Amino acid sequence: MKKILSFLAFMLFFVGCDNNAKQDNTQVGDGAKTQVIKVGMSMDYPPFEYIDDQNNPAGFDVELIKEISNMIGFEVSLQNISFDGLIPALKAGKIDAIMSAMSATDDRRKSVDFTDSYYTTENLFIRKKNTDVTQDTFKDKQVGVQLGTVQEMAARTFNGVNVVPADNILSSIMALKTGKIDFILVDSSIGYGYLKQNEDLEEFLKLPDGSEGFSIAFDKDKHNDLIAKINNALKELKANGKFDEIAKKYDLR
């Protein structure tokens, strides 16, 4: 009985994450009459994607992909997947696209195609106030990162640093506050949000993240026409002011 109840609870949560999207088994393909695109998001990354108080998907990426879909004429089915599982899910055909504050990097381009960048950011280093962690004292320190991110890749290039990955950045924040790690490396666009909420933490360094910025990912060589349409939609949204309107709503401008 417990297993049955757990399964039902999971199904209700899954439907809640997709209550704004019509369920359809139509396969994505350029030129299809009806496109229902399954978009993977790791909904633990505010303000880009998260679950709101009504148990619905919310955030900058959520609103932006809906605007894009309305312009082009496809439907969106949002799938909540851990960040490090997004590209494997895409390659396995479980989702059709990824829009999850994912940075376009040369390494990722080996397996996926990206749209044009829609948002640029930097790597932000955060420590507890009144600690002596600096760029010159990284050796033997514990750094918290989110698993599978550009920040994890960057942290693993630091000499003598012990990388402590977590499924989400909130876990890293809590580990820092309780003294389990010495500092955090996080995307600046969400890092500043956590700094506003935690007066005992502070920024001590900011560096380029080495990517072209956040982009939407598709499986390799499968959706070139759709990518071109999305790129045109992004240009139009930036030109008509709608992009900035959404960004300001989530304190990203």
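Just so we're clear, the structure is a prediction, and the values are computed from it rather than from any experiment.
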query = Is the backbone of D52 close enough, under 3.5 Å, to the side chain of N56 for a donor and an acceptor to pair up by distance?
reply =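 The answer is no, because no donor-acceptor pair under 3.5 Å joins these two groups.
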
ask   = Has the side chain of K141 got a donor or acceptor atom that lies under 3.5 Å from a matching backbone atom of T137?
value =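 Side chain of K141 to backbone of T137, a donor-acceptor pair under 3.5 Å: yes, one is there.
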
Which heavy atom in [X] sits nearest to a heavy atom in [Y], and how many Å separate them?
| X | Y | value |
| --- | --- | --- |
| P46 | I190 | O-CG2, 3.0 Å |
| D116 | K235 | OD2-CE, 4.1 Å |
| R108 | F83 | NH2-CE2, 3.6 Å |
| A217 | F114 | CB-CE2, 3.6 Å |
| G191 | V186 | CA-CG1, 3.8 Å |
| D113 | D221 | OD2-N, 2.6 Å |

For residues [X] and [Y], determine if any side-chain heavy atom of one lies less than 4.5 Å from a side-chain heavy atom of the other.
| X | Y | answer |
| --- | --- | --- |
| V145 | I184 | no |
| V163 | R156 | yes |
| P57 | Y50 | no |
| I68 | K229 | no |
| I65 | M41 | yes |
| I173 | L201 | yes |
| V76 | L78 | yes |
| M71 | L237 | yes |

K180 atom NZ, over 12 foreign heavy atoms within 6.0 Å =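 12 or below, so no.
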
Do the charged groups of [X] and [Y] touch, with an N to O distance under 4.0 Å?
| X | Y | answer |
| --- | --- | --- |
| D200 | K129 | no |
| K242 | E245 | yes |
| K91 | D219 | yes |
| K248 | D251 | no |
| R127 | E203 | no |

Quick one: do the [X] and [Y] side chains pair a donor with an acceptor below 3.5 Å?
| X | Y | answer |
| --- | --- | --- |
| D107 | T105 | no |
| N198 | K177 | yes |
| N123 | Q151 | yes |
| S211 | D209 | yes |
| T115 | S215 | no |

Value rounded to 0.5 Å, distance of [atom1] in [X] from [atom2] in [Y]:
| X | Y | atom1 | atom2 | answer |
| --- | --- | --- | --- | --- |
| K128 | I181 | NZ | CD1 | 11.0 Å |
| L234 | S117 | CG | OG | 9.0 Å |
| I216 | L226 | CD1 | CG | 9.0 Å |
| I246 | L64 | CD1 | CG | 5.5 Å |

Worked verdict on S100 versus S42 for side chain to side chain donor-acceptor pair (under 3.5 Å) = CA-CA 6 Å; S100 191; S42 181; 4.9 Å; no

ask   = Can we call the ring centroids of F243 and F60 under 6.0 Å apart?
value =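 Under 6.0 Å, so yes.
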
message = So that I know where these two stand, are Y250 and F48 an aromatic pair - ring centroids less than 6.0 Å apart?
response =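 Between F48 and Y250, which both carry aromatic rings, the centre distance is not below 6.0 Å.
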
request  = Could you walk me through whether R109 and E212 pass the salt bridge (Lys or Arg N to Asp or Glu O under 4.0 Å) test, one step at a time?
outcome  = CA-CA 11 Å; R109 287 187 188 279; E212 297 176 12; 2.6 Å; yes

Can you hop from [X] to [Y] via hydrophobic side chains spaced under 4.5 Å?
| X | Y | value |
| --- | --- | --- |
| I227 | F74 | yes |
| F158 | V150 | no |
| L185 | I169 | no |

task = Using the side chain to side chain contact (heavy atoms under 4.5 Å, CB included) rule, take I230 and F218 through it: C-alpha gap first, then chi angles, then the decisive distance, then the call.
result = CA-CA 11 Å; I230 290 174; F218 289 87; 3.6 Å; yes

inquiry  = Exactly one of Y118, Y119, Y45 should register a side chain to side chain donor-acceptor pair (under 3.5 Å) with D61. Which one does?
reply    =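 Single pass found, and it is Y118.
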
task = Begin with the C-alpha distance, continue with both residues' side-chain angles, and end with the deciding distance and a verdict on side chain to side chain contact (heavy atoms under 4.5 Å, CB included) for I81 and I95.
result = CA-CA 10 Å; I81 301 172; I95 55 175; 3.7 Å; yes

key: D244 and K238: CA distance, side-chain angles, deciding distance, side chain to side chain contact (heavy atoms under 4.5 Å, CB included) verdict   = CA-CA 7 Å; D244 279 343; K238 290 181 178 181; over 6 Å; no

ask   = Under the side chain to side chain donor-acceptor pair (under 3.5 Å) criterion, do Q79 and S77 qualify, and how do the steps go?
value = CA-CA 7 Å; Q79 312 291 317; S77 173; 2.7 Å; yes

Residues E152, L147; criterion side chain to side chain contact (heavy atoms under 4.5 Å, CB included); working and verdict = CA-CA 6 Å; E152 181 190 6; L147 190 65; 3.8 Å; yes

inquiry  = Could you go through S82 and D167, starting from their C-alpha distance and side-chain angles, then the distance that decides it, and tell me whether this counts as side chain to side chain donor-acceptor pair (under 3.5 Å)?
reply    = CA-CA 7 Å; S82 64; D167 288 337; over 6 Å; no

message = Can you classify the ring geometry of F138 versus F204 as parallel (below 30°), tilted (30 to 60°) or perpendicular (above 60°)?
response =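 Rings of F138 and F204: perpendicular, over 60°.
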
